[in-house]
Amino acid sequence: ALERTFSIIKPDATKRNLTGSVNAVIEKAGLRIVAQKRIQMTRQQAETFYGVHKDRPFFGELVDFMISAPVVVQVLEGENAIAKYREVMGATNPANAAEGTIRKLFANSVGENSVHGSDAPETAAVEIAQFFAGNEIVG
Ligand code: CMP
């Protein structure tokens, strides 16, 4: 089915000027960037976004990292976009990521792993709505 997923190009990637390089991998995979903006996340936004992880030992480090520099938030559209983007990103830990994936190409570590992508349709809808108004998404 035609789906939309939510993507974040994380601070480790924006700081190294890799926004265009990440977008090239996304577009080469056939995903369309139908919304995109560069923002400085607030601590509150990051804590809300990662609320599901609030009891994990790495939560504080994760939030600090996500607000350490600008990020690029995006909506990606395509056939099976959610699963396809997870494939294009590669494993959460870049040490386990397949050749040609964004994390294999660019990520530094499990924390500084360059990109986020939604894991299911329900989370994609919630994540998109946290950062984009309907009229900012142009398919
Ligand atoms: P993401 O897909 O954005 O969703 C949760 C994030 O938590 C994940 O990517 C990782 O960047 C981060 N994460 C997972 N495990 C660890 C860990 N052990 N240490 C630091 N960050 C982690």
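None of these values were measured; they are calculated from a predicted model. Quick note: residue numbers are just sequence positions, from 1. Just so you know, ligand 1 is whichever comes first in the structure, and atom 1 is the first atom listed for that ligand.
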J.: Does Lys37 qualify as a cation-pi partner of Phe132, given the criterion of NZ or CZ under 6.0 Å from the six-membered ring centre and within 45 degrees of its axis?
T.: yes

J.: Is there a donor-acceptor contact under 3.5 Å from the side chain of Thr14 to the main chain of Pro70?
T.: yes

J.: Would you please indicate if the ring centroids of Phe131 and Phe6 are separated by under 6.0 Å?
T.: yes

J.: List of N/O pairs, ligand 1 versus protein, all under 3.5 Å?
T.:
| unit_1 | atom_1 | unit_2 | atom_2 | d |
| --- | --- | --- | --- | --- |
| ligand 1 | 2 (O) | His116 | ND1 | 3.2 |
| ligand 1 | 3 (O) | Lys10 | NZ | 2.8 |
| ligand 1 | 3 (O) | Tyr50 | OH | 2.6 |
| ligand 1 | 3 (O) | His116 | ND1 | 3.0 |
| ligand 1 | 9 (O) | Lys10 | NZ | 3.2 |
| ligand 1 | 11 (O) | Lys10 | NZ | 3.2 |
| ligand 1 | 11 (O) | Val110 | O | 2.9 |
| ligand 1 | 11 (O) | Gly111 | O | 3.4 |
| ligand 1 | 11 (O) | Asn113 | OD1 | 3.3 |
| ligand 1 | 11 (O) | Asn113 | ND2 | 3.3 |

J.: Please set out all donor-acceptor pairs under 3.5 angstrom arising from side-chain atoms of residues 85-96, sequence neighbours excluded.
T.:
| unit_1 | atom_1 | unit_2 | atom_2 | d |
| --- | --- | --- | --- | --- |
| Tyr85 | OH | Ser7 | OG | 2.8 |
| Arg86 | NH1 | Gly117 | O | 3.1 |
| Asn93 | OD1 | Ala95 | N | 3.0 |

J.: Are the side chain of Gln74 and the backbone N or O of Ala35 linked by a donor-acceptor pair below 3.5 Å?
T.: no

J.: Taking only Lys NZ, Arg NE, NH1 and NH2, and the carboxylate oxygens of Asp or Glu, determine whether Glu99 and Lys104 approach each other closer than 4.0 Å.
T.: yes

